[in-house]
Structures are given as C-alpha cells and as structure tokens.
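Order of the sequence lines sets the chain letters (A, B, ...), proteins ahead of strands, with each chain counted from 1. What you are looking at is a predicted structure, and each value in this text was computed from that prediction instead of being measured.
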2 protein chains.
Amino acid sequence: MARKTGSHSDITGPKVREAALALFAQHGFAAVSMRQIAAEVGVQAGALYLYTKDKQSLLYDLMQAHMDDLLAAWEVEPKGDGALAHLEAFARFHIRFHLERPDAVFIAYMELRNLSDENFAAIEALRRRYEGELEAILRAGQAEGVITAPDIRLTTMALIAMLTGVNTWYREGGRLSRDAVADIYWDMVRGAVGA
Amino acid sequence: MARKTGSHSDITGPKVREAALALFAQHGFAAVSMRQIAAEVGVQAGALYLYTKDKQSLLYDLMQAHMDDLLAAWEVEPKGDGALAHLEAFARFHIRFHLERPDAVFIAYMELRNLSDENFAAIEALRRRYEGELEAILRAGQAEGVITAPDIRLTTMALIAMLTGVNTWYREGGRLSRDAVADIYWDMVRGAVGA
DNA sequence: TTGATTTGAACAAGCGTTCAGTTATCAAGG
DNA sequence: CCTTGATAACTGAACGCTTGTTCAAATCAA
C-alpha cells in the first residue's frame with residue numbers, strides 16, 4: 001500500500017517531470033542525458049526508472065500531459081455568443097495559455113521528431129483536435145457571414161502559427177503586458193479573417 | 001597547387017553539407033552522429049574533418065549560408081512601388097523562398113540552441129536584419145497612411161510567424177499550388193495590417 | 001519487520017575527434 | 001604513351017568519454 005505522508009515518490013515523481021521539462025526545453029531532448037535530469041532532481045540516474053519506463057516515455061508523457069491540459073482548459077473556457085466572440089475567446093485563450101507554460105509549448109513543437117511512431121501519432125491526433133476547435137469556429141463564422149476567408153483550413157493554420165509565435169519573442173516584464181499583446185493580436189486576427 | 005578536374009574534394013565537400021542538412025532536419029543536430037553523415041556521403045567518419053573543423057561548425061556553416069542566401073535573395077527581389085506593393089512582394093517572396101528549402105528553414109529555426117554563444121549571436125544578427133526589412137516596410141506603410149498597426153514591432157513578429165508557418169503544413173503536390181497559397185496569405189497579411 | 005526507495009557499480013554501445021598509414025589522382029619528365 | 005614523384009583524399013583503428021538501462025545490495029520510513 002502506498003504511503004500517505006513522507007513518501008518520497010510523491011515528491012520525486014513530479015520533480016523528475018519538472019526537471020526533464022526544463023532541461024528538454026533548454027537543451028533539447030537528444031542533448032539531455034538521464035544523468036543530468038537525475039542530478040537536477042538530486043538523485044542517481046538509476047532512480048529515474050522508478051518513475052518512467054525509459055527516456056522516450058518521459059518525453060511522451062510530458063507532451064501528452066501538455067496537450068491534455070490544453071484541450072481541457074479550452075473546454076471550460078467561457079466563449080461568449082456568436083462566432084466572432086468565440087474567435088476572440090480562442091485568440092485570447094491561446095495566447096494566455098501558451099505564455100503561461102513556455103517550456104511545455106517549446107517541447108511540444110520542437111521535439112515531435114524524437115517521438116516513436118506511435119507516440120507521434122497520438123500527439124498529432126491531439127494537436128489536430130485542437131486545430132479542429134479553431135476550424136469549427138471559423139466555419140461557423142463563415143456560415144454566419146461575419147468572416148470572409150477563401151480557405152478555412154489555411155486560415156486555421158495561419159492563425160495558429162501567428163498566435164503561437166508570441167512565445168518566440170515575448171519576455172516577462174517587457175514593454176507590453178500579456179493583455180496588451182492579446183488586444184493587438186486579436187485586432188490582427190480579426191483583420192486577417194476580414195471581420 | 002589545387003587540382004582542377006577530377007578532384008574529389010570538389011564533390012565530397014558539397015555532399016557532406018547536403019547530407020548533414022538532410023539528416024539534421026530529419027532527426028535533429030544532437031541526434032545525428034558524424035558516422036551517420038559519413039555513411040550517407042559514402043565515406044569514413046574521419047574524412048569529414050577534411051571539410052569541417054568540427055560538428056558545431058558544420059551546423060553553423062549551414063545556418064549561416066541559409067541566412068546569407070535569404071538576405072541576398074531578398075535584396076535582388078523586385079519590390080514594386082509604394083509600401084503596400086513592397087509588403088506584398090515581401091509576403092510572396094518569403095513564402096516562395098521558404099517553401100523552396102524546407103530543410104534549411106527547419107534547421108535555422110530548430111537548432112539555434114545547439115549553437116555556441118558566438119555562433120548564436122552571429123545567426124541572430126542575420127535574423128534581425130531580415131526582420132528589420134519587414135519592419136521598415138511596415139513603418140513606411142504607416143507613414144504613407146496605407147496601413148494601420150498599433151505596434152509595428154509586434155506586427156512584424158506576427159506576420160513573420162504566420163508566413164513561416166506555411167512550412168509546417170505545406171506539402172508538395174497537395175490541394176493548393178504555391179501561388180494559390182501565396183495569394184490567400186497575402187490577403188490575410190493585408191487584412192491583419194488593416195489595408 | 002516489511003516493503004518502498006535509492007544507491008553505486010556495471011554493461012555494451014556509441015560518441016566526436018585524431019592520426020599514422022594507404023590509396024587515388026594529376027603534372028611533369030622521359 | 002608511359003613512368004615517376006608529389007600530394008590530395010581517404011581509411012581504419014584507436015583515444016577517452018558519455019550514453020541509456022539494469023540490478024543486487026543498501027537505506028529508509030512506518
């Protein structure tokens with residue numbers, strides 16, 4: 001039976017994932033060794049295998065948890081009435097959510113090629129589900145006649161790239177607050193879809 | 001005196017860079033070994049060191065060559081009259097140039113963290129020069145009163161992210177031709193800057 | 001005492017890089 | 001046209017180190 005209090009595994013487990021997340025984001029999955037992760041946690045390399053099957057699973061678990069968080073958070077996000085309000089909610093949500101966890105976002109975009117085939121397929125499916133959310137909003141907007149876009153699928157990809165791009169340059173404590181950035185990006189999104 | 005014809009180094013040198021480009025793009029810099037590159041070229045690992053100082057320089061040379069190509073190609077690109085024509089030229093050029101060399105683009109975006117500090121600074125400087133080109137166009141457009149953007153620097157980053165994003169989903173022989181994609185993206189760019 | 005947790009050493013394999021030695025290629029001389 | 005000598009191009013083995021992973025033994029908390 002698992003120990004309730006004072007159990008180290010309840011502490012070490014999360015610490016392993018946190019350390020792996022930070023190190024993978026900084027140096028890249030392939031460039032980080034299990035010994036580096038272990039050192040960050042304060043443990044010997046062998047102990048990591050009590051918390052992960054292998055290095056590949058460690059990466060996959062991080063990415064999967066991130067995508068699950070993303071989809072779950074969007075599901076409960078207030079969305080307002082009408083396609084345009086829906087679109088604004090999505091843009092603001094996307095920027096906020098991604099700026100709150102830059103390491104996980106970085107890994108989810110950069111380390112796809114280090115996943116095994118099955119793991120890659122699983123993550124890709126989650127990503128497509130998220131893209132599908134935006135795509136549905138745009139189609140609704142088209143049906144309502146509040147947006148004009150010649151190719152919804154293309155617009156979806158363009159908007160996601162633009163919004164995710166914030167992570168590449170935004171620095172905490174910089175010129176603009178997150179809300180100010182979201183305001184400006186929402187304006188650009190609206191313009192791009194002709195609304 | 002260097003031999004003129006039949007010299008293998010004139011062939012092997014480029015082959016090394018081509019193989020490294022393809023392998024780095026597919027698996028990532030850190031995940032590719034010198035022996036893998038050598039095998040792709042059809043040579044033993046030691047022979048690579050006749051063509052590159054070390055693995056790090058190989059990466060840097062690829063990225064530098066790519067950025068130089070980019071800046072040189074934009075310099076000679078016909079740009080039309082007025083800021084709006086200029087902006088359209090940039091958008092179409094960016095998409096075309098990037099779609100023509102997806103491997104180099106991928107590496108230039110994904111492997112920055114595997115560069116040494118000096119090499120990173122050098123590549124970043126080139127990237128900023130390119131971003132500066134777009135930024136200057138947007139400022140001119142603002143001065144001419146043909147675009148409306150509350151923050152030019154932000155708009156620059158947003159547009160570049162959106163345009164570069166094409167590389168993540170475009171597949172040769174897909175639904176849309178490159179020109180069709182460029183048409184649609186140019187429409188979105190124009191909308192995003194309120195023109 | 002029990003069982004979860006961690007150590008520390010070991011494993012075979014692979015890493016980037018170097019270098020003495022071998023092979024291939026061309027220019028010059030006969 | 002053939003041989004020779006020079007050198008560019010490359011091999012193959014070796015260097016010291018690091019890699020992911022396993023596991024018997026030690027340590028720890030309850």
Return the polar atom pairs (N/O with N/O) between nucleotides 18-24 of chain D and the protein under 3.5 Å, or none.
residue: D:dT19; atom: OP1; partner: A:Ser33; partner atom: OG; Å: 3.3
residue: D:dG20; atom: OP1; partner: A:Val32; partner atom: O; Å: 3.4
residue: D:dG20; atom: OP1; partner: A:Lys55; partner atom: NZ; Å: 3.1
residue: D:dG20; atom: OP2; partner: A:Met34; partner atom: N; Å: 2.9
residue: D:dG20; atom: N7; partner: A:Arg35; partner atom: NH1; Å: 2.8
residue: D:dG20; atom: O6; partner: A:Arg35; partner atom: NH2; Å: 3.0
residue: D:dT21; atom: OP2; partner: A:Tyr49; partner atom: OH; Å: 2.7
residue: D:dT21; atom: OP2; partner: A:Lys55; partner atom: N; Å: 2.9
residue: D:dT21; atom: O5'; partner: A:Tyr49; partner atom: OH; Å: 3.3
residue: D:dT21; atom: O4; partner: A:Arg35; partner atom: NH2; Å: 3.3

Distance in angstrom units between [X] [atom1] and [N] [atom2], rounded:
X	N	atom1	atom2	answer
B:Leu50	C:dT18	CG	P	12 Å
B:Leu48	D:dA9	CG	C1'	13 Å
B:Gln44	C:dC19	CD	P	18 Å
B:Tyr51	D:dC10	OH	C1'	8 Å
B:Ile11	C:dA24	CD1	P	16 Å

For [X] and [Y], which heavy atoms make the closest approach, and how far apart are they?
X	Y	value
A:Ala25	B:Arg113	O-NH1, 3.1 Å
B:Arg127	B:Tyr109	NH1-CZ, 3.7 Å
A:Ala149	A:Thr155	CB-OG1, 3.5 Å
A:Ala19	A:Glu40	CB-CG, 3.7 Å

Candidate pair A:Phe97 and A:Phe90, rule ring pair (Phe, Tyr, Trp, His ring centres under 6.0 Å), full reasoning: CA-CA 10 Å; A:Phe97 188 90; A:Phe90 184 92; over 10 Å; no
At less than 4.0 Å, is any side-chain N or O atom of A:Thr12 found next to OP1 or OP2 of C:dT5? Yes or no.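 Checking C:dT5 against A:Thr12, no side-chain N or O comes under 4.0 Å of OP1 or OP2.
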Tell me whether A:Arg190 is salt-bridged to A:Glu88, with the criterion being a basic N under 4.0 Å from an acidic carboxylate O.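 Not counted as a salt bridge, because no side-chain N and carboxylate O are separated by less than 4.0 Å.
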